[in-house]
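Chain naming here is simple, since letters A, B, ... match the order of the sequence lines and numbering starts at 1 in each.
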There are 2 protein chains.
Amino acid sequence: IVGFVSRIWKFFQKAWSIAVREPKKAIHGVKVGMALSVVSLFYYMRPLYDGVGGNAMWAVMTVVVVFEYTVGATLYKCVNRATGTFLAGALGLGVHWIANQSGEKFEPIILEVTVFLLAAATTFSRFIPTIKARFDYGATIFILTFSLVSVSGYRVDQLFELAHQRLSTIAIGISLCIITTMIFCPVWAGNELHYLITNNTEKIADSLNGCVVEYFGINANVNSKGEDSDKVFQGYKCVLNSKATEEAMANFARWEPAHGRFSFRHPWNEYLKVGVLLRKCAYCIESLNVSTNSDTEAPDFLKKHFSKYCIGLSSSSSDVLKELAVTMNTMTKSTKIDLMVHEMNNAVQELQGALKSLEKQPIIKDSKNGTEEGNKSSTFIVPLMEMVPIVSISTLLTEIAARIEK
Amino acid sequence: IVGFVSRIWKFFQKAWSIAVREPKKAIHGVKVGMALSVVSLFYYMRPLYDGVGGNAMWAVMTVVVVFEYTVGATLYKCVNRATGTFLAGALGLGVHWIANQSGEKFEPIILEVTVFLLAAATTFSRFIPTIKARFDYGATIFILTFSLVSVSGYRVDQLFELAHQRLSTIAIGISLCIITTMIFCPVWAGNELHYLITNNTEKIADSLNGCVVEYFGINANVNSKGEDSDKVFQGYKCVLNSKATEEAMANFARWEPAHGRFSFRHPWNEYLKVGVLLRKCAYCIESLNVSTNSDTEAPDFLKKHFSKYCIGLSSSSSDVLKELAVTMNTMTKSTKIDLMVHEMNNAVQELQGALKSLEKQPIIKDSKNGTEEGNKSSTFIVPLMEMVPIVSISTLLTEIAARIEK
């Protein structure tokens, strides 16, 4: 029992730490609670209350199911739910009318067959990527409403009134959700995406610098910082697997109205492109990291020889990345960036020069070890140089993005 | 209008091609249609039918919402829905009883406050990773049922009967779903995961080989194959972003009972570990690929010199990977694998030897160009060699996995 209590205690500690780190999430919980209380209050107060299970519940259900963390996701679900319900309701009424015309005997058969066909077709359509991205939830609601209308329609004749009530209660739920989610501490998917990409750019810059500095060993410095620098240095690992999050965010962001610095048709796709380039940089850092940790170390004199150029290159390219992050953040075209890219290209050429000059004088240190390990060291350098075209492409692209954003 | 029609036509073509490529998905649609028709049939036939919107709809709703593509996902939702409904129902009745005892005046206040608190707490708990992975859907259902019980409880006194009816209709829906999903062409999440990982291993092996062969240019051969070989060669890109899918699958697979060659507590986590290693290999191939496409090419004589060793190494390591895929597929310990790993290690040593011997005789070809480009070429080789420890780790790990699986 003590173990059980301590586990529960740990669980609460974890929850508390999440709440402290990301107060937005705790606020989201409060918002859901608020919206639900308001909806139920609405029904306590209402004099025209007409029995349980009828339509009162649809507003409550809508709030519970539709309310999501970001505004974009909520809007997506609201629009999908409304259109899904409306379409399926209309179609259900139509089918029901046809079935009614065709006599007592055929009615259930027609209804059964249409339910079967529509459910199968709609479920299958959810596997098609474009539908999946935009209308996944709507398809579920469509099936649900259609089959409910069909099943109930067989017995009840006041279908029109039912549909009307249903739609109005759903409208109440939806409008309440939209109001709560947008007015009270809104979490915009667009903002989150923007922040995520900017943050990832900074992480990549830090990791790049950290990785190179660690390799060329101002080790005393690194060790004194301990875990902290290790965390900075591992930052790129988040970037490696950020694809799914980015795409979901961009998808939701499309549903959002203009907010803050973002207009309605903000080019969210540009963010995805920048995300892809960042991920490529992260792959490069991963392979840099692998070569850093490989068994064979380059000899000290080579390290010293190259350290200046490598650190120069890495710091200049991480400067470029950081400047890019600032550019994205402020959504202005930076005047410094051209200069910095120029500087970075200079650093590349210096490094290449150093490589060549080393190869010119192999006589001085022609011990077999010397040059063989030189290869090793250069294999460390080259991924660094490979990053440069990527960085400059990403520079170009973000320039474009920044221009669109202005 | 012509444009619109042609777009719809294209859409249908796309849908058709998906259905042909993955008939399982089309069958899934048919299954959902079937389950829904059976549920509605159940209600057409039932003599004790007691009005619309009451409880008939809960069975339909359960089927629509709970029925998922894989058996694991369906079971996960069923268990979550059942437990969520039950817990929330019990708690709702309890709170309702307390509220009833405390008099007319306080009743709505108590109910409101509990709805608010529970909804906020439960919504927040969905952000905690362990809850999110296992009980995300259950939490939603918990909030839904609890607030429905609270709202309705204020007016209706036959709550117990209502709860009983609700639970029984949900039970009908759930059991129908489970039966349909498990008996008629089941799609097991575990199977899909197994297939995904095995397939990814093969893709990595093919890409590795393709990348190296292309670089050392049996170009005529590659061009004649055209697109086909390009597809094989790009296979590793799927692996780069497979993390989310793998984790979802493993999560659902845990809910599945024993099926086929998998027991109930099959070590699904091992698959995730193999997945991580495969992704590391994919990063290496990505960086190989980048260096292949870099501007500076190594001179021909160096290429020729190394091509033998490199192709040897890549083919032996891709053989190891393929053998691993076979091992995973058949879930037996392969006798050949030790031999193949040994062969691969030999290939590594040969390549290292070749590198060293090249460095020994820089006098013959001491043109500045020669050795400088040698560096370039070696940078191509080294990521290849970096793959080797990863491959051998993954060998070890899969051996372990295979042993557990036996």
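In terms of heavy-atom pairs under 4.5 Å with chain A, the best-connected choice from B:Val32, B:Thr122, B:Leu144 is B:Leu144.
Both the backbone and the side chain of B:Ala19 come within less than 4.5 Å of a heavy atom of chain A. Both the backbone and the side chain of A:Lys25 come within less than 4.5 Å of a heavy atom in chain B. If you measure heavy-atom distances from A:Phe67 to chain B, you find no contacts under 4.5 Å at all.
In this structure, OG in A:Ser37 is found 8.5 Å from CG in B:Leu117, a value given to the nearest 0.5 Å. Here A:Ile128 contributes atom CD1 and B:Phe12 contributes atom CZ; the two are 8.5 Å apart, rounded to the nearest 0.5 Å.
Here the closest non-hydrogen pair linking B:Thr123 and A:Gly29 is CB-CA, 3.9 Å. The shortest heavy-atom contact between B:Gly33 and A:Ala119 is CA-CB, 3.8 Å. Of all non-hydrogen atoms in A:Phe124 and B:Ala15, the two that sit nearest each other are CZ-O, 3.4 Å. Residues B:Phe127 and A:Ile18 approach most closely at O-CD1, 4.2 Å, considering heavy atoms.
The side-chain contact (heavy atoms from CB on, under 4.5 Å) test with A:Ile143 is passed by exactly one of B:Val65, B:Leu36, B:Val60: B:Leu36.
When side chains are defined from C-beta on, A:Met61 counts as touching B:Met61, because their heavy atoms get closer than 4.5 Å.
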